[in-house]
Amino acid sequence: MRLARKRLLSWYRANKRAMPWRETRDPYAIWISEAMLQQTRVETVIPYWERFLSRFPDVHALATADLDDVLGAWAGLGYYSRARNLQAAARVIDQDHGGKLPDDAETLQTLPGIGRYTAGAVASIAFDRPEPVLDGNVKRVLARLLGIRKDIGQSATLERLWEEAGALARGPHPGDLNQALMELGATVCTPRAPRCESCPVSQFCDAWAKGDAESLPIKARKKAARKVEAVTALVVRRGKALAVRRPSRGLLGGLWDLPGGDLVAGETPRAGLTRALRERAGLEISRASALPSQYVDGSRSARRLRGSQMARPSRNLLPAPRQPDRQSTRPAHLADRPILELTGR
DNA sequence: AAGTCGGGGAT
DNA sequence: ATCCCAGACTT
């Protein structure tokens, strides 16, 4: 594997993509990138990372910020517990670690939101520690390279993969080696149609020799997602719409949202709306009607309104239906405003 | 070991 | 439609 290691490193130096966090050695900045990159593509993260770093340039700035400002900077990225954990960890670092990130994986992993992967990533990339990473890319690369033909969802297989990743991490430039594995998985050793002819380690690859790279790694099929029906109300008074804060746990935790909720089995939308408004906003509906279809259709974020009904409608206060802004990369999450100003006539 | 948690791109 | 993405956390 020593030969493969050298090939991976030289391939990485020649082929790595430009990423802004690859221009810094600041452990804080690298940590933020790793938190944002969890289950999130590089291209999506880049603009968020730039904005986040200019708004919260160091641990102390993040530790002392308002949570709503942090959630606002995160709005649109998804998995919002990451933002909550990020600030919680920043406060621990600020108070218990002198504002400096711990430089070892074991201590890093004690912080909220930092698991085995992120601890290894920060330790190796920011602190040159010989710690492995095992993300979706590395699982795929190693399963193919080593011909691991067992379900990678099983804990025994996962442990084997961590073991192999650990063996590769030991040696010079562990951070670059780890990034080389991930970069290879993202650009060459892809889930479908892998570019094996461009792979620097194909000659060592078991799956390449057997010709079954695309069938690896093996993972159990996911169960179909359960379907839920939900209602959302647009409660308008004096040109403003009512927003409520969602519970800090669960879906879109801690974000502002229009009042509403999931229907229980057998419940009509109208009954569910009445119940949701009473529970979530302490309101009793006197009058409600369905929103016009052009208002609830047409964009991903607006789909949350589909099937909804409007409490206490007032045509004079409703804005003209707006075309969804397809240029915007930031969905209309209501991160930091309890009351929405309605624009339009 | 299985569920939950987002949003978006690729196929 | 389905899979996947530089995963972490709860149950």
Side-chain angles (χ1 to χ4, degrees), chain A residues 12 16-17 19 21-22 30-49 71 74-86 88-89 108-126 131-141 151-159 161-162 165 175-187 189-194 214 217-228 246-255 257 299-301 303-304 326 328-333 335:
Chain A
Y12 175 65
K16 64 181 182 183
R17 294 169 291 174
M19 300 177 195
W21 47 87
R22 288 182 171 165
I30 291 168
W31 168 43
I32 302 300
S33 78
E34 291 300 342
M36 289 185 168
L37 285 163
Q38 289 165 14
Q39 297 291 288
T40 311
R41 294 168 188 277
V42 167
E43 315 82 72
T44 304
V45 165
I46 290 175
Y48 281 90
W49 185 87
L71 288 172
W74 205 270
L77 257 188
Y79 287 144
Y80 296 93
S81 65
R82 292 185 293 175
R84 190 178 297 276
N85 285 333
L86 210 49
L108 283 165
Q109 219 178 322
T110 68
L111 296 167
I114 299 188
R116 197 169 174 182
Y117 163 81
T118 304
V122 172
S124 64
I125 297 170
E131 299 282 354
V133 298
L134 190 66
D135 71 333
N137 291 307
V138 180
K139 288 174 187 171
R140 184 171 57 253
V141 169
D151 183 357
I152 63 164
Q154 297 195 336
S155 57
T157 315
L158 274 179
E159 257 334 292
L161 287 166
W162 273 108
D176 282 351
L177 190 284
N178 285 337
Q179 293 188 81
L181 289 172
M182 295 191 280
E183 193 82 357
L184 189 70
T187 63
C189 195
T190 49
R192 282 177 298 275
E214 195 162 358
I218 294 170
K219 48 173 63 175
R221 246 186 71 115
K222 296 182 188 173
K223 294 179 180 173
R226 64 193 173 84
K227 296 186 178 178
V228 295
R246 299 176 63 94
S248 58
R249 308 207 164 219
L251 186 68
L252 302 174
L255 300 190
D257 196 6
S299 77
R300 210 177 264 246
S301 54
R303 270 205 287 279
R304 296 174 54 71
R326 297 201 172 278
S328 174
T329 59
R330 308 191 69 191
H333 288 134

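In what follows, every chain begins at residue 1, and chains take the letters A, B, ... in the order their sequences are listed.
Contact of the A:Val141 side chain with the A:Met182 side chain is not registered, since no non-hydrogen atoms from C-beta on lie closer than 4.5 Å. A 4.5 Å side-chain heavy-atom check between A:Ile125 and A:Asn178 finds every atom pair outside the cut-off. The shortest distance between side-chain heavy atoms of A:Leu77 and A:Met36 falls below 4.5 Å.
Counting to the nearest Å, the C1' atom of C:dC4 and the NZ atom of A:Lys222 are 7 Å from each other. Put simply, CG on A:Leu134 is 11 Å from C1' on C:dA6, counting in whole angstrom units. Summarising the geometry, the separation between CG on A:Asp257 and P on B:dC5 is reported as 14 Å, rounded to the nearest angstrom. When the P atom of C:dA8 is taken as reference, atom CG of A:Leu77 falls 16 Å away, rounded to whole Å. Between the OH atom of A:Tyr80 and the P atom of C:dG7 there is a distance of 18 Å, rounded to whole Å. One atom, CD1 of A:Ile114, and another, C1' of C:dA6, lie 14 Å apart when rounded to the nearest Å. Rounded to whole angstrom, the span from the NZ atom of A:Lys219 across to the C1' atom of C:dG7 amounts to 12 Å. The distance between atom CD of A:Glu34 and atom C1' of C:dA8, rounded to the nearest whole Å, is 14 Å.
Looking at heavy-atom distances under 4.0 Å, A:Gly185 makes no contact with the nucleic acid at all. Within the 4.0 angstrom heavy-atom criterion, no nucleotide atom of any strand lies near A:Lys139.
Minimum atom distance to the side chain of A:Arg249 is reached by C:dT10, of the listed B:dG7, C:dT10, C:dG7. Of all nucleotides listed (C:dC9, C:dA6, C:dG7), C:dA6 comes nearest to the side chain of A:Met19. When each of B:dA1, C:dC4, C:dA6 is scored by its nearest atom to the side-chain atoms of A:Ser155, the top-ranked nucleotide is B:dA1. Of the candidates B:dC5, C:dC4, C:dA6, the closest approach to any side-chain atom of A:Leu251 belongs to B:dC5.
In this structure, the separation between CD on A:Glu34 and CG on A:Leu108 is 11.0 Å, given to the nearest 0.5 Å. A:Trp162 contributes atom CH2, which lies 5.0 Å from atom CZ of A:Arg116 (distance to the nearest 0.5 angstrom).
Between A:Leu111 and A:Arg22, the residue whose closest nucleotide on DNA chain C is further toward the 5' end is A:Arg22. Two residues, A:Asn85 and A:Arg17, neighbour DNA chain C, and the one matched to the more 5' nucleotide by heavy-atom proximity is A:Arg17.
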- Task: Kindly indicate, with the supporting measurements, whether the criterion side-chain contact (heavy atoms from CB on, under 4.5 Å) is fulfilled by A:Tyr12 and A:Leu177.
- Result: CA-CA 8 Å; A:Tyr12 175 65; A:Leu177 190 284; over 6 Å; no
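Taking 4.0 angstrom as the limit, A:Arg226 places a side-chain polar atom (N or O) nearer than this to OP1 or OP2 of B:dT4. Residue A:Gln38 places no side-chain N or O under 4.0 Å from the OP1 or OP2 atom of C:dG7. For A:Arg140, a side-chain nitrogen or oxygen approaches OP1 or OP2 of C:dC5 to under 4.0 Å. A sub-4.0 Å separation between OP1 or OP2 of B:dT4 and a side-chain N or O of A:Tyr79 is absent. Taking side-chain N and O atoms only, A:Thr118 has a distance below 4.0 Å to OP1 or OP2 of C:dA8. Between A:Arg82 and C:dC9, a side-chain N or O to OP1/OP2 separation shorter than 4.0 Å is absent. Put simply, A:Lys223 has a side-chain N or O that comes within less than 4.0 Å of OP1 or OP2 on B:dG3.
For C:dC4, the base has a donor-acceptor partner in the side chain of A:Arg41 [N/O atoms by modelled type, under 3.5 angstrom]. Side-chain atoms of A:Thr40 and base atoms of B:dG7 include no donor and acceptor less than 3.5 Å apart.
Taking atom P on both B:dG3 and C:dA6, the two are 24 Å apart, rounded to the nearest angstrom. The same atom, P, is picked in B:dG6 and in C:dT11; the two are 16 Å apart, to the nearest Å. A gap of 24 Å separates the P atoms of C:dA8 and B:dG9, to the nearest Å.
Listed by chain and number, the residues in a salt bridge (Lys or Arg N to Asp or Glu O under 4.0 Å) with A:Glu183 are A:Arg17, A:Arg22 (sequence neighbours excluded).
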